[in-house]
Protein chains: 2
Amino acid sequence: MALEHALLVALSERPASGLELTRRFERSLGFFWHATHQQIYRVLGRMVDDGWVTVEVVAQEGRPDKKVHTPSDLGRAALEAWLAEPLPMETFRSELAVKLRGASYGDRARLASHLETTRAEHVARLAAYELMEREQFPDPAGLDEAARDQWLVLRGGIGLEHFWIDWITDYLQETS
Amino acid sequence: MALEHALLVALSERPASGLELTRRFERSLGFFWHATHQQIYRVLGRMVDDGWVTVEVVAQEGRPDKKVHTPSDLGRAALEAWLAEPLPMETFRSELAVKLRGASYGDRARLASHLETTRAEHVARLAAYELMEREQFPDPAGLDEAARDQWLVLRGGIGLEHFWIDWITDYLQETS
DNA sequence: AACAGCATGTAACGTGTTACATGATTAC
DNA sequence: GTAATCATGTAACACGTTACATGCTGTT
């Protein structure tokens, strides 16, 4: 029961259609949340039924109509209530960790080569995030509240990529 | 389709019953994987059906019998095949990130106080992991292959806790 | 005419979570 | 005798993933 709230945050920042939300999730909130369009459409439908968002059909030029969703008073209240709840202790789930730990039951050299690939992907993501930081937040001191929160979450994404890269690098050094 | 493989790694290290596996997951692999006993029993049952593990009923003194599971040749082959597959790009899912980003749509002071609690929990987990490292791996240079992998994954857990603590600290400083 | 993109959706399936159930033993 | 621990399990539900379906517009 959290995708609802993630969508409410995104729609509070700016009303959007299902597909726009999907793309926005891939980019900005995507460092820490991922959802397919099918999931988003399903949850969005439920939120409309529950009166958390209102829908407006917007005609576009040269494109199909889109359904733009906006949080209602009820939705804003639900978001506020959720934000006030204590944070659950989160446990990440990493297939990589399982493979590192199980390395001696398979082909260690082959795993190492896959790890090189994964590290390169994280290096690329880190570079993309750092570019986003420079372009979208050139002057952190001058940001308003909501933008500063976005910036701080982006910094979290950067920190997480550093963690991955450092860990894989450490592992490859120790096992080489 | 990955809990199967995580269980195979754990059972390769040492055969175990469902409940023993659940507890082991909470401790050692738990930094990067979590599973309830219901999930583990279900998957274990499927693995028995598929011939990936064999079961031996072991009588105990003053306790109920337990079913000890051991990987079969088929299971070992399945694990090896899985380990040889490329790693999927992992995307973590963090409720904390969503709340940080949504802070301006709720009670910021209240969120900050929850964040203090969460940070304290991560500090405690970090201390527990560091204690485990000192006690279980006092001499990293002298470890065999499997134990070194366990140590390196524990170091990953330590790195992840550092990430959380640093991020939350950074956020609280910037928004205070 | 074929293909890619926009936009929304259905259906089937697999995984994860929550609540509850059973029965035995040990500790207070 | 009440509660806690060990050990295994069932059932119902929520959530996530994959594949497929529709129809329209713009490009090659």
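Not measured: the values here are computed from a predicted model. Throughout, protein chains are lettered first and strands after them, A, B, ... in sequence-line order, and every chain is numbered starting at 1.
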> Is it the case that more than 12 heavy atoms not belonging to B/Arg110 sit under 6.0 Å from its CZ atom?
Replying inline: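 Open: at most 12 neighbouring heavy atoms sit under 6.0 Å from CZ of B/Arg110.
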
Atom-pair distance ([atom1] on [X]; [atom2] on [N]), nearest Å:
X	N	atom1	atom2	result
A/Glu4	D/dA14	CD	P	11 Å
A/Gln39	C/dG16	CD	P	13 Å
A/Asp65	D/dT25	CG	C1'	13 Å
A/Glu90	C/dT17	CD	C1'	16 Å
B/Leu44	C/dG16	CG	P	15 Å
A/Lys66	C/dG5	NZ	C1'	15 Å
A/Leu3	D/dT17	CG	C1'	14 Å
B/Lys67	D/dA7	NZ	P	14 Å

Going by the rule side-chain contact (heavy atoms from CB on, under 4.5 Å), which residues pair with [X] if we only count those two or more places apart in sequence or in a different chain?
X	value
B/Pro15	B/Val68, B/Thr70
B/Ala97	A/Phe32, A/Val153, B/Ser94, B/Trp167
B/Leu172	B/Ala112, B/Leu115, B/Glu116, B/Arg119, B/Ile168
B/Leu29	A/Val98, A/Arg101, B/Phe25

> ring pair (Phe, Tyr, Trp, His ring centres under 6.0 Å) with B/His37: which residues, sequence neighbours excluded?
Replying inline: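 Partners of B/His37 under the ring pair (Phe, Tyr, Trp, His ring centres under 6.0 Å) test: B/Tyr41.
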
[N] phosphate, OP1 or OP2, under 4.0 Å from [X] side-chain N/O:
X	N	value
A/Arg93	C/dG16	yes
B/Tyr41	D/dT8	yes
A/Arg46	D/dC15	yes

>> Checking the side chain of B/Lys99 only, and the main-chain atoms of A/Glu85 only, is there a donor and an acceptor separated by less than 3.5 Å?
In response: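 A pair under 3.5 Å: yes.
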
What nitrogen or oxygen pairs link the protein and nucleotides 19-23 of chain D at under 3.5 Å?
| unit_1 | atom_1 | unit_2 | atom_2 | d |
| --- | --- | --- | --- | --- |
| D/dA19 | N6 | A/Gln38 | NE2 | 3.0 |

> Which residues in residues 16-25 of chain B have at least one heavy atom lying under 4.0 Å from any atom of DNA chain C?
Replying inline: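 Close to the strand, none.
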
Anything under 3.5 Å between a donor and an acceptor, one on a side chain of residues 134-146 of chain A, the other on a protein residue two or more places apart or in another chain? List them.
| unit_1 | atom_1 | unit_2 | atom_2 | d |
| --- | --- | --- | --- | --- |
| A/Asp144 | OD1 | A/Ala146 | N | 3.3 |
| A/Asp144 | OD1 | A/Ala147 | N | 2.9 |
| A/Glu145 | OE2 | B/Arg108 | NE | 3.1 |

> Any idea which of C/dT8, C/dT18, D/dT17 is nearest the B/Thr36 side chain?
Replying inline: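 Ranking C/dT8, C/dT18, D/dT17 by closest atom to the B/Thr36 side chain puts C/dT18 first.
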
Let me have the donor-acceptor pairs involving side chains of residues 124-131 of chain A, under 3.5 Å, with sequence neighbours excluded, atom names and distances please.
| unit_1 | atom_1 | unit_2 | atom_2 | d |
| --- | --- | --- | --- | --- |
| A/Arg125 | NE | A/Glu161 | OE2 | 3.2 |
| A/Arg125 | NH2 | A/Glu161 | OE2 | 3.1 |
| A/Arg125 | NH2 | B/Glu90 | O | 3.4 |

